[in-house]
Amino acid sequence: MNLARAIHFDESDMRIFYAPARTGEWCISGGFEFSNWSDADLAGKARQAFANGWLGVETFGRVTFVAVTRIEEDELAALANRLAEHFVEVWGAPTVEAALPAAREELAQMAELCADHAPNTLLTVSRELTEAGVRESFRVIEAEDAGLEQFAIHGDAEGLH
């Protein structure tokens with residue numbers, strides 16, 4: 001199964017987001033954070049996070065680019081628990097157990113987005129407010145077009161290789 005990790009090509013994310021995601025952390029769209037937003041909320045760094053920020057599932061910071069990467073089932077289960085804890089701590093879910101289905105659904109949506117892409121494919125997200133709510137669209141940049149081999153970090157349980 002594929003998911004996506006935060007990737008930085010320069011230091012710009014450190015300046016444009018209140019809390020930047022850590023390079024290499026697993027990411028999801030995170031559009032749920034903007035479900036109750038209006039035009040009045042779209043200013044400064046918050047606007048940047050809304051407009052094109054992926055959500056890191058470890059730091060809950062934002063990043064502009066993610067790279068498709070294979071994820072193991074045990075890593076996915078740990079991410080679901082971490083995201084469910086976030087739903088309890090920040091979004092008022094009653095318990096981690098109650099939040100797990102929503103966390104798994106968020107991860108499943110990201111896995112579906114990544115499913116048909118080769119490792120190291122870059123993805124970007126764009127959001128806009130519409131009368132119906134937040135609309136997300138995604139852009140795919142194939143690995144050979146991005147020259148990503150210069151930047152990608154691959155790891156396994158035994159360490160980097």
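Treat the numbers as computed from the prediction; the structure is a model and nothing was measured.
- Below 30°, between 30° and 60°, or above 60°: for Phe50 and Trp37 the angle between ring planes is below 30°, a parallel geometry.
- The minimum heavy-atom distance between Ala46 and Asp41, with the atom names listed, is CB-O, 3.9 Å.
- In plain terms, the two heavy atoms of Glu142 and Thr121 that are nearest each other are OE1-OG1, 3.7 Å.
- No donor-acceptor pair under 3.5 Å is formed between the side chain of Glu58 and the backbone N or O of Glu25.
- Under a cut-off of 6.0 angstrom, the local environment of CD in Glu112 is sparse, with at most 12 non-hydrogen atoms contributed by other residues, nucleotides or ligands.
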Determine, step by step, whether Asn120 and Val68 satisfy the side-chain contact (heavy atoms from CB on, under 4.5 Å) criterion, reporting the C-alpha distance in whole Å, the side-chain angles of both residues, the deciding distance to 0.1 Å, and the verdict.
CA-CA 5 Å; Asn120 295 331; Val68 174; over 6 Å; no

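- Hydrophobic clustering (side-chain heavy atoms under 4.5 Å, transitive across Ile, Leu, Val, Met, Phe, Trp, Tyr) groups Phe87 together with Leu107.
- Within 6.0 Å of atom CZ in Arg135, 12 or fewer heavy atoms from other residues, nucleotides or ligands are found, so the atom counts as exposed in its surroundings.
- Within 6.0 Å of CG in Asn36 there are 12 or fewer heavy atoms belonging to other residues, nucleotides or ligands.
- The distance from atom OG1 of Thr23 to atom CZ of Arg5, rounded to the nearest 0.5 Å, is 11.0 Å.
- Cys27 and Gly56 make their closest contact through SG-CA, 3.8 Å (heavy atoms, listed as atom of the first residue, atom of the second, distance).
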CA sep, side-chain torsions, deciding dist, call: Trp91, Glu33, side-chain contact (heavy atoms from CB on, under 4.5 Å)
CA-CA 9 Å; Trp91 296 100; Glu33 287 193 342; 3.5 Å; yes

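- For Glu106 (side chain) and Gly30 (main-chain N/O), no donor-acceptor pair under 3.5 Å exists by modelled atom type.
- Residues Leu100 and Phe32 do not share a hydrophobic cluster, clusters being chains of Ile/Leu/Val/Met/Phe/Trp/Tyr side chains in contact below 4.5 Å.
- For the pair Ile28 and Leu83, the tightest heavy-atom approach, listed with the atom from each and the gap, is CD1-CD2, 3.8 Å.
- To the nearest 0.5 Å, the span separating CG on Leu123 from OG1 on Thr64 amounts to 13.0 Å.
- Transitive grouping of hydrophobic side chains (ILVMFWY, heavy atoms separated by less than 4.5 Å) keeps Leu3 and Ile7 in distinct clusters.
- The structure places CG of Asn2 at 7.5 Å from OG1 of Thr69, a figure rounded to the nearest 0.5 Å.
- Expressed to the nearest 0.5 Å, how far CZ of Arg22 lies from NE2 of His8 amounts to 10.0 Å.
- By the 6.0 Å contact criterion, CG on Asp10 is enclosed, its count of non-hydrogen atoms from other residues, nucleotides or ligands being greater than 12.
- With hydrophobic clusters built from ILVMFWY side chains whose heavy atoms lie under 4.5 angstrom apart, Val90 does not share a cluster with Phe17.
- Summarising the geometry, atom CD belonging to Glu128 is positioned 7.0 Å from atom OG belonging to Ser137; distances are rounded to the nearest 0.5 Å.
- With sequence neighbours excluded, the residues that form a ring-ring contact (aromatic ring centres under 6.0 Å, His included) with Trp54 are Phe138.
- Among Val134, Leu129, Leu42, the one residue that satisfies the side-chain contact (heavy atoms from CB on, under 4.5 Å) test with Phe34 is Val134.
- Judged purely by distance below 3.5 Å, without hydrogens or angles, the side chains of Ser29 and Gln109 never pair a donor atom with an acceptor atom.
- Follow the hydrophobic side-chain contacts under 4.5 Å out from Val66 and you never reach Met14; the two are in separate clusters.
- With a 6.0 Å radius and a threshold of 12 heavy atoms from other residues, nucleotides or ligands, Arg47 has its CZ atom at or below the threshold.
- Rounding to the nearest 0.5 Å gives a distance of 4.5 Å between CZ of Arg62 and CG of Leu55.
- Shown here for Arg70 and Glu72, the closest heavy-atom pair between the two residues is NE-OE2, 3.6 Å.
- Residues Phe60 and Val57 approach most closely at CZ-O, 3.6 Å, considering heavy atoms.
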